[in-house]
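Reviewing the structure listed below.
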Protein chains: 2
Amino acid sequence: MKPALIRNGEQPGESETERAARLIRCAGARATPARVRVLRLLRSAPTALSHHEIEQSLGDLALDRVTLYRVLDWLVATGLAHRNADTRRTFRFSAASSSEHSAHTHFRCDGCGRVFCLDAAPPPPPKLPEGFLLSRIELDLRGRCAQCAGSAQ
Amino acid sequence: MKPALIRNGEQPGESETERAARLIRCAGARATPARVRVLRLLRSAPTALSHHEIEQSLGDLALDRVTLYRVLDWLVATGLAHRNADTRRTFRFSAASSSEHSAHTHFRCDGCGRVFCLDAAPPPPPKLPEGFLLSRIELDLRGRCAQCAGSAQ
DNA sequence: GGGTATCTGCAACTCGGTTGCAGATACCCG
DNA sequence: CGGGTATCTGCAACCGAGTTGCAGATACCC
Ligand SMILES: [Mn+2]
Ligand SMILES: [Mn+2]
Ligand SMILES: [Zn+2]
Ligand SMILES: [Zn+2]
């Protein structure tokens, strides 16, 4: 609708869609509807989303299954998103935020498999065996989320 | 070969095989060769093992694929082993040791996917959102193991 | 607007894990 | 020690998440 006259850099007045498109072009790729929709969704999600949840959330705007996988892979490869396997061994994706890049705290629900990002203080880096290279510290809490703890056992 | 005269409790002179069999019977199940072999292997492994690695390690004593899955599931259900998904979304299994039951530190290699158990100090329990139930704290270090850091990038 | 490298959609595939069921066997009991 | 039975094993078929190859579409440079 509204023509995007902006080219680059922070734009306080831009919509979330415009912002997602700009981030994608800055990463050196075409701002296709598929990429824009997925990145916008990830950036507004409160928890890390699975491929299936993303498909659901896109509703009638849904992409082909494979295209969604490729979009997600590309977002991860460029660093615009993170990927990790949840307790049920499916990948979950979250938008990379500038504040979070080396340490992070997650709560993983053993009931529903969801992953919640918590703003807890990252633990101090420990000593590693000789030759090991550390790139990321994650504090991983496991148990049951409020919803799953409330219902059955 | 040697008849197992022991019934229960710690037995300093017993072999690793006898010890595994006793642990299984104490958990209320039959000490079948399949269970004994797998538990013995897990208890002697320095890292958490994948289903495939276990199959390989058993060599000519290998079980049916499905039986191995069921043995592993049973070990996890009784608490004799732990299961977690590695960075490549495959499950890895490790013997439960008495010293480790609520907090644990792992190093996950992004190169080969292996999981190393480290004896690092467990972080202090953080505060959770209302209604969340905590069962396990795990400090999760990610990067490259000595072997993978040594070779290609 | 047109040309082209990039992207999308479809079909077919791989891989880790699960389910159902019929035949084997560890262990309880005498 | 055997025999009976609940438990365990092996096979075949299945499932869902993720990947690959390729032909047709399209964002973006000009
Ligand atoms: Mn996160
Ligand atoms: Mn461990
Ligand atoms: Zn839950
Ligand atoms: Zn490695």
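Quick note: numbers below take in every heavy atom, side chains included, and nothing from hydrogens, waters or symmetry partners. Chain letters run A, B, ... following the sequence lines, proteins first and then strands; every chain starts at 1.
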Which whole-number value in Å describes the distance from A:Asp73 CG to D:dT20 C1'? 12 Å
What are the two closest non-hydrogen atoms of A:Leu42 and A:Ala81, and how far apart are they? CD1-CB, 4.1 Å
Within the distance-only criterion (no hydrogens, no angle test), does the side chain of B:Arg88 pair as donor or acceptor with the backbone N or O of B:Gly111 below 3.5 angstrom? yes
Ignoring backbone atoms, test whether B:Thr32 places a side-chain nitrogen or oxygen under 4.0 Å from the OP1 or OP2 oxygen of D:dT9. yes
Measure CG/B:Asp86 against C1'/C:dG16 and give the value in whole Å, please. 11 Å
For the side chain of A:Arg83 and the backbone of A:Leu72, is there at least one donor-acceptor N/O pair under 3.5 Å apart? no
In whole Å, I'd like the distance from the CG atom of A:Leu68 to the P atom of D:dG18. 10 Å
Could you let me know what C:dG30 is paired to, Watson-Crick or G-U wobble, both distances under 3.5 Å, or none if it's on its own? D:dC1
Atom OG1 of B:Thr87 and atom CZ of B:Arg92: how far apart are they, to the nearest 0.5 Å? 8.0 Å
Nucleotide C:dT14, atom C1' - distance to CZ of A:Arg89 in whole Å: 12 Å
Give me the residues of residues 51-63 of chain B where at least one heavy atom lies under 4.0 Å from an atom of DNA chain C, by number, or none. B:His51
Interatomic distance where CG belongs to B:Asn84 and P belongs to C:dG17 [whole Å]: 12 Å
Watson-Crick or G-U wobble mate for C:dT8, both contacts under 3.5 Å: D:dA23
Polar pair under 3.5 Å, donor/acceptor by atom type, side chain B:Arg65, base C:dG17: yes
Let's test your reading of the model: under 3.5 Å, does the base of D:dT26 pair with the side chain of A:Arg30 as donor and acceptor? yes
To the nearest angstrom, how far is A:Leu72 atom CG from D:dA17 atom P? 14 Å
Determine whether a donor-acceptor pair (N or O, by modelled atom type, separation under 3.5 Å) exists between the side chain of B:Arg142 and the backbone of B:Asp110. no
Please check if the side chain of A:His51 supplies one atom and the backbone of A:Arg65 the other of a donor-acceptor pair under 3.5 Å. yes
According to a 4.5 Å side-chain heavy-atom criterion applied to Ile, Leu, Val, Met, Phe, Trp and Tyr, with indirect links allowed, do B:Val38 and B:Val66 form part of one hydrophobic cluster? no
Partner of D:dC28 under the Watson-Crick or G-U wobble criteria, both distances under 3.5 Å, comes out as C:dG3
First encountered from the 5' end of DNA chain D, between A:Ala31 and A:Thr90: A:Thr90
Regarding C:dG9, can its base be found pairing with the side chain of A:Arg70 as donor and acceptor, where the two atoms are less than 3.5 Å apart? yes
